[in-house]
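Working notes for the structure below.
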Protein chains: 2
Amino acid sequence: MARAATTSDVFNAIAEPQRREILLLLRAGERPVTELARELGMTQPGASKHLRVLREVGLVRDRRAGKQRLYGLDARGLRPVHEWTGGFEQFWNESFDRLDAYLQGLDRTGQEE
Amino acid sequence: MARAATTSDVFNAIAEPQRREILLLLRAGERPVTELARELGMTQPGASKHLRVLREVGLVRDRRAGKQRLYGLDARGLRPVHEWTGGFEQFWNESFDRLDAYLQGLDRTGQEE
DNA sequence: CCATCATATTCCCTTATCGGTATGCGTCAA
DNA sequence: TTGACGCATACCGATAAGGGAATATGATGG
């Protein structure tokens with residue numbers, strides 16, 4: 001049972017580096033599949049499959065334009081991720097104070113390895 | 001070649017729902033493995049394995065406390081994720097304007113399926 | 001040193017994922 | 001209608017992830 005109910009989850013969708021690349025590119029505007037594939041150095045089926053995942057979680061939208069199919073960004077799904085990580089914001093500041101205490105302490109016990 | 005170079009990446013670490021739960025719990029303070037497992041309804045080995053992933057990407061730190069091993073949050077690694085998604089912030093506002101135009105357009109062509 | 005408790009690791013199985021290649025399907029032009 | 005183009009899907013192989021159960025490791029108390 002690999003990766004449990006992770007599928008079709010936005011967190012999972014952006015766990016893939018190439019999919020993140022696609023999203024970054026789409027900030028500049030819509031693109032057809034072939035152009036995405038070319039810009040990212042992947043095959044056309046590869047791009048299509050990543051786009052399918054992104055579409056299923058709602059991060060991209062597609063639109064027909066003649067023979068082409070233009071993919072566009074729908075970044076609204078990224079907002080929950082931004083907010084989720086934002087829930088830790090106080091902790092990554094606090095880390096420098098409270099965590100440093102840990103780090104000293106565990107260096108003392110765990111250094112012989 | 002499943003999941004490519006995703007491994008040992010923070011994005012991948014938080015792609016797992018249970019690992020996200022662990023991080024949320026650890027905001028309230030350090031905890032031993034067994035307590036985490038109990039609170040999340042998973043087995044002890046299961047918790048240990050998830051904690052291992054989180055440790056390898058630097059999201060948690062462990063510290064010995066007698067027979068126990070206390071895990072604590074190190075949220076600094078979440079900051080890049082927060083910033084990455086933040087790079088799309090203007091787009092999830094803009095979406096309501098620009099994207100709605102797409103959506104109307106593609107409903108017209110893609111509705112027969 | 002031995003027993004015990006807490007945790008990590010290993011093994012096994014099932015399943016998902018990624019990449020590539022080949023192929024199917026829809027659209028447009030002639 | 002046919003052929004070319006753009007893209008999606010199916011299939012295949014390799015990989016590795018997640019869960020469970022059993023076991024190993026490590027520290028502690030007596």
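Throughout, protein chains are lettered first and strands after them, A, B, ... in sequence-line order, and every chain is numbered starting at 1.
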Has B:His50 got a side-chain N or O lying under 4.0 Å from the OP1 or OP2 atom of D:dA17?
-> no
Taking only the side-chain nitrogens and oxygens of B:Gln18, find out if one of them lies under 4.0 Å from OP1 or OP2 of D:dG19.
-> yes
All N/O donor-acceptor pairs, side-chain side in residues 37-47 of chain A, below 3.5 Å, sequence neighbours left out:
from, atom 1, to, atom 2, distance (Å)
A:Glu39, OE1, A:Arg31, NE, 2.7
A:Thr43, OG1, A:Gly46, N, 3.1
A:Gln44, NE2, A:Ser48, OG, 3.1

Determine yes or no for a side-chain-to-main-chain donor-acceptor pair under 3.5 angstrom, with A:Arg19 supplying the side chain and A:Ala13 the backbone.
-> yes
Residues B:Arg52, B:Glu56: salt bridge by 4.0 Å N-O rule = yes
CG of A:Leu40 versus P of C:dC18: gap in Å, rounded?
-> 15 Å
B:Arg19 side chain N/O closer than 4.0 Å to the phosphate oxygens (OP1, OP2) of D:dG18?
-> yes
So does B:Arg20 pair up with B:Glu16, basic N to acidic O under 4.0 Å?
-> no
Starting at CG of B:Asp62 and ending at P of D:dT25, how long is that distance when rounded to a whole Å?
-> 19 Å
Do A:Arg55's NZ or CZ and the ring of A:Tyr71 fall within the cation-pi criteria of under 6.0 Å and 45°?
-> no
Indicate, with yes or no, if the rings of A:Trp84 and B:His82 have centres closer together than 6.0 Å.
-> no
Length of the CG-C1' vector between A:Leu51 and C:dC18, whole Å | 15 Å
Expressed in angstrom and rounded to an integer, what is the separation of B:Glu21 atom CD from D:dG18 atom C1'?
-> 16 Å
Atom pairs under 3.5 Å: protein N/O with N/O of nucleotides 20-23 of chain C:
from, atom 1, to, atom 2, distance (Å)
C:dG20, N7, A:Lys49, NZ, 3.3
C:dG20, O6, A:Lys49, NZ, 2.4

Check the distance between C:dA6's C1' and B:Leu70's CG and give it to me in whole angstrom.
-> 11 Å
To the nearest Å, how far apart are B:Glu16 CD and C:dA16 C1'?
-> 12 Å
Taking the side chain of A:Lys67 as its heavy atoms from C-beta onward, which of D:dG6, D:dA8, C:dT9 lies nearest to it?
-> D:dG6
Using a cut-off of less than 4.0 Å, is there contact between a side-chain N or O of B:Arg52 and OP1 or OP2 of C:dT9?
-> yes
Does OP1 or OP2 of D:dG26 have a side-chain N or O of B:Arg64 closer than 4.0 Å?
-> no
Below 4.0 Å: OP1/OP2 of D:dG6 and any side-chain N or O of A:Tyr71 = no
When rounded to the nearest 0.5 Å, the distance separating CG of A:Asn12 from CG of B:Asn12 is 8.5 Å
Report the distance from atom CZ of B:Arg69 to atom C1' of C:dA8, rounded to the nearest whole Å.
-> 8 Å
To the nearest angstrom, how far is B:Leu54 atom CG from C:dA8 atom C1'?
-> 15 Å
